[in-house]
Amino acid sequence: MNRYSAFGLLRGALNGQKHWQPAWRDPEPKAHYDIVIIGGGGHGLATAYYLAKVHGLKNIAVLEKGWIGGGNTGRNTTIVRSNYRQKPLHDLFEFGLKLWHNLSDELNYNVMFSPRGAMFLGHSDADMVKLAERGDAMRCDGIDADLMTRDEVAKLEPLLDMSRSARFPIEGGLIQRRGGTARHDAVAWGYARGADSFGVDIIQKCEVTGFVRDGDAVVGVETTRGRIGAGRVGICVAGHSGHVAGLAGLKLPVESQTLQAMVTEGVKPMINSVIMSQSLHCYISQSDKGGIVFGGDPDNWPSYAQRGHPMVMEGAIAQGLALVPALSRLRMVRTWSGVTDMSFDGAPIIGETPVRNLYLNGGWCYGGFKATPASGWTYAHTLATGSPHALNAPFALERFMRGATIDETGTGPMPNSR
Amino acid sequence: MMLINCPHCGPRAQSEFVYERTVDSVAPAGASNDEAMQILFTRSNPRGVDDEIWRHTFGCRAWMVVTRHRVTNEISQVRAVGPEALP
């Protein structure tokens, strides 16, 4: 792999930048791989990267039906944080957050991680009590969390409507200063380039259409580019987990829903942190290009459409404008939506399935992007060793049958009540 | 937004309706614990047509079964149901 560096750019300047090479190969699929990962998003590519780097495996393929990073990796709001109340969740996301802080160096690829602070707003006394409790739970596990007064919130984000007559009055907040945003595409491309340099075959335009079974085990996949044998197969297609697992005859605790996000025209810096409100479910940040990125609730009914409904968008916009009235002057330039795996407790599923040699990574609901490094790391461990890493053991598929759900929002076992 | 043809009120905007769950996720009264768990906690979640229970919450408040395609959003059938009609 050609290492990227400032020196290389300078040298390239002298010879017309002719030294650039494709960042990854475009190989033909082989007849057999030790591990086949279905899904070339950030999670799948990160899994392949850590399988090769940490576990020393060489014969790995990532199969992608479209182009890499074209699913939810390219359809999120790029927020990175680990401020969860439940221990299994904040442990997993914190492990990921630590990887995020070093990811550009690790991959020799600028993922533009920007730890500008991720702040939850509190709108009432009850909200502040919940935020304090969440912050305490995080600090007990060594994760940074600072409760903020009303004045501190106003100082950090001067454009918030802090008036007492505001539609959503602000009483304070909870900030995780190490949280922030990153560049979504660069995460997929950086992991792809890294994995490719270890010999991982990244095979695009290759849709899995079925599984090859030998008794109770999966021994390969049928694809639009022919049959590919596999020692172990890892599903990593969040959004479409239900569909792909269905090809293996599995029914998952997952319902696919659409989640929308949108971005305005670029403006000078006006939002300094990532502003989130869990009472409203609205999140606002400003991209490095200047656009105000925001999103809201999923469309609360099942859909694989990858396009959302204006009535849900309107709800998110109404919340955003109530919090930051100045946004009303901006023009919306783009909206998009992704298909999310809404799991039945709001937590992801990483681990084995009832089918031998078939593993599942999915159920990320609307929070998968921030987990990309941690998801890849733990899934790679699971695929390499056949048993879960301590961090993803609580996220086993069979937890639903044991009643051991990880219900962060406490809204019960219905995806559309989340 | 989808236009849902309520069996009682005629075509109405989707914003008047609330999605509840799929028809196959309603456990019959005599189901064993294992069956009930499977029915309540898993979904076939097809990338195609499924039968869904919706409620005309901001209209006549009646429940109905909507047969809808999950990619195109095409609604092929809406039929009225009562509690006794659920499986």
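In the text below, chain A, chain B and the rest are named by the order of the sequence lines, each starting its count at 1. Basis for what follows: all heavy atoms, side chains included, without hydrogens, waters or symmetry-related copies.
Proximity of a side-chain donor or acceptor of Tyr304(A) to a complementary backbone N or O of Pro46(B) within less than 3.5 Å is not detected. Formation of a donor-acceptor pair under 3.5 Å by the Arg43(B) side chain with backbone atoms of Gly242(A) is not found in this model.
At a threshold of 4.5 Å between non-hydrogen side-chain atoms, the residues Pro302(A) and Glu52(B) count as touching.
Annotation: Asp34(B), atom CG; neighbour count of heavy atoms from other residues, nucleotides and ligands within 6.0 Å does not exceed 12. By the neighbour-count criterion of 12 heavy atoms within 6.0 Å, atom CD of Glu398(A) is densely surrounded, having more than that number from other residues, nucleotides or ligands. For Arg227(A), the CZ atom sits in a loose shell: 12 or fewer heavy atoms of surrounding residues, nucleotides or ligands are nearer than 6.0 Å.
What you find for Lys251(A) and Ser44(B) is that their closest heavy atoms are CE-N, 3.5 Å. Closest approach of Val254(A) to Asn45(B), counting heavy atoms only: O-ND2, 3.5 Å.
Note that CD of Glu314(A) and CE of Met1(B) are 7.5 Å apart. Values are rounded to the nearest 0.5 Å. Interatomic distance, CZ of Arg47(B) versus OG of Ser303(A), reported as 12.0 Å (0.5 Å rounding). A distance of 5.5 Å separates CH2 in Trp301(A) from CH2 in Trp54(B), rounded to the nearest 0.5 Å. The CE atom of Met311(A) lies 4.5 Å from the CD atom of Gln14(B); values are rounded to the nearest 0.5 Å. Taking CG of Asp299(A) as the start and CG of Asn73(B) as the end, the distance is 9.0 Å to the nearest 0.5 Å.
Put simply, of Thr42(B), Val71(B), Asn33(B), the one with the most heavy-atom pairs under 4.5 Å next to chain A is Thr42(B).
Heavy-atom distances place the backbone of Thr72(B), and not its side chain, under 4.5 Å from chain A.
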| request: Give the intermediate values and the outcome of side chain to side chain donor-acceptor pair (under 3.5 Å) for residues Tyr19(B) and Glu255(A). | output: CA-CA 12 Å; Tyr19(B) 165 75; Glu255(A) 199 159 79; 3.1 Å; yes
